[in-house]
Amino acid sequence: EKIMKKMVALALAIAMLVSLASVASAMTFTIGVSCTSTTSYTNAPGTETKSNSGTNGRIYVYSYDNVDTDEYTNHFRGQEVNGSTRTTRGSKWVTQYSEIPIQNANIKAPKVYSVSARGNTNYSNYDGVSSITLSGYFLSNK
């Protein structure tokens, strides 16, 4: 019975490590963004090197805001990062709590990627909220 309990505990520990490893490959972010400008984007910290050429053309983004609504999408740009230079490689309105692909033919391995974002101006226009916090992750190798 003791051996069985130890085997179950070991199996659970392995399952937890495997699930953590799959999440660990995503680059997480929390950024403050403006909801009053259509041209002011905030860069997410962190980058990820695209190593899987089978996933060329896509960066997946998952995000949510700190406001008590999920009715607004927020605008994200995929960015190729080369030193301190960031070049936009596609953009997409990202639905909250969904993993959405930003697609662009120039997103290719072995380049380095990140994202930037701005809040939907509806927060400001209809709710009087000038800025929000976006949290989530991006994946360039899914």
Side-chain angles (χ1 to χ4, degrees), residues 2 4-142:
K2 271 187 170 182
M4 187 59 135
K5 284 183 181 178
K6 286 183 180 180
M7 296 288 279
V8 169
L10 180 61
L12 288 173
I14 290 170
M16 284 178 29
L17 286 173
V18 167
S19 68
L20 285 174
S22 65
V23 172
S25 66
M27 184 57 62
T28 61
F29 61 84
T30 299
I31 53 176
V33 298
S34 170
C35 300
T36 60
S37 170
T38 60
T39 58
S40 178
Y41 285 76
T42 301
N43 292 336
T47 60
E48 183 177 59
T49 300
K50 180 174 274 299
S51 58
N52 181 352
S53 62
T55 64
N56 280 347
R58 296 180 300 279
I59 300 170
Y60 288 85
V61 179
Y62 176 93
S63 73
Y64 57 92
D65 68 27
N66 66 322
V67 181
D68 221 7
T69 180
D70 62 2
E71 67 184 279
Y72 301 137
T73 56
N74 296 291
H75 200 252
F76 281 80
R77 290 178 173 172
Q79 296 184 313
E80 183 181 320
V81 180
N82 187 355
S84 62
T85 302
R86 289 179 173 236
T87 304
T88 297
R89 299 291 188 218
S91 64
K92 184 81 172 188
W93 287 100
V94 174
T95 305
Q96 293 187 67
Y97 303 105
S98 298
E99 201 174 77
I100 305 295
I102 296 174
Q103 296 177 290
N104 184 282
N106 291 314
I107 297 173
K108 298 178 180 179
K111 297 184 179 175
V112 178
Y113 294 94
S114 187
V115 295
S116 64
R118 72 170 176 86
N120 195 316
T121 56
N122 286 347
Y123 289 101
S124 176
N125 295 340
Y126 301 118
D127 302 333
V129 176
S130 62
S131 65
I132 59 171
T133 300
L134 292 175
S135 299
Y137 63 83
F138 66 91
L139 292 159
S140 67
N141 288 301
K142 179 176 177 181

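By the neighbour-count criterion of 12 heavy atoms within 6.0 Å, atom NZ of K50 is densely surrounded, having more than that number from other residues, nucleotides or ligands.
Heavy atoms only, all atoms of each residue included: R86 and A44 are closest at NH2-O, 3.2 Å. Nearest heavy-atom pair across N43 and S116 is OD1-CB, 3.5 Å. S40 and S37 make their closest contact through N-OG, 3.0 Å (heavy atoms, listed as atom of the first residue, atom of the second, distance).
In this structure, OG1 on T47 lies 11.0 Å from CD on Q79, to the nearest 0.5 angstrom. A distance of 9.5 Å separates OH in Y113 from OG1 in T87, rounded to the nearest 0.5 Å. Here the CZ-OH distance, from F29 to Y137, works out to 10.0 Å after rounding to the nearest 0.5 Å. Taking CG of L134 as the start and CZ of F76 as the end, the distance is 5.0 Å to the nearest 0.5 Å. With values rounded to the nearest 0.5 angstrom, I102 atom CD1 is found 6.0 Å from I59 atom CD1.
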Do T38 and R118 pass the side-chain contact (heavy atoms from CB on, under 4.5 Å) test, and can you show the C-alpha distance, the side-chain angles, and the key distance before you say yes or no?
CA-CA 7 Å; T38 60; R118 72 170 176 86; 4.1 Å; yes

Check against side-chain contact (heavy atoms from CB on, under 4.5 Å), E71 and N122
CA-CA 10 Å; E71 67 184 279; N122 286 347; over 6 Å; no

Show the numbers, then the answer: is there a side-chain contact (heavy atoms from CB on, under 4.5 Å) between V61 and K92?
CA-CA 9 Å; V61 179; K92 184 81 172 188; over 6 Å; no

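A donor-acceptor pair shorter than 3.5 Å can be found between the side chains of D127 and Y72. With 3.5 Å as the limit, one finds no donor-acceptor pair spanning the side chains of T49 and S51.
No donor-acceptor distance shorter than 3.5 angstrom exists from the side chain of N120 to the backbone of N74, with no hydrogens or angles considered. Proximity of a side-chain donor or acceptor of S114 to a complementary backbone N or O of G46 within less than 3.5 Å is detected. A distance-only check finds a donor-acceptor pair linking the side chain of E48 to the backbone of S140 [under 3.5 Å]. Checked by atom type and distance alone, the side chain of D70 never pairs as donor or acceptor with a backbone atom of Q96 at under 3.5 Å. Between the E80 side chain and the R89 main chain, no donor and acceptor come within less than 3.5 Å of each other. A donor-acceptor distance shorter than 3.5 angstrom exists from the side chain of S34 to the backbone of T36, with no hydrogens or angles considered. Here the side chain of T30 pairs no donor or acceptor atom with the backbone of T133 at under 3.5 angstrom. Under a 3.5 Å cut-off, the side chain of T42 and the backbone N or O of G32 do form a donor-acceptor pair.
Legend: residues meeting side chain to side chain contact (heavy atoms under 4.5 Å, CB included) with S91, ordered by chain and number and at least two apart, are H75, R77. Taking the salt bridge (Lys or Arg N to Asp or Glu O under 4.0 Å) definition, one finds that K108 meets it with nothing, sequence neighbours left out.
P45 places a side-chain heavy atom less than 4.5 Å from the side chain of I31. The shortest distance between side-chain heavy atoms of V33 and I132 falls below 4.5 Å.
Ring planes of Y97 and Y62: perpendicular class, angle over 60° (limits at 30 and 60°).
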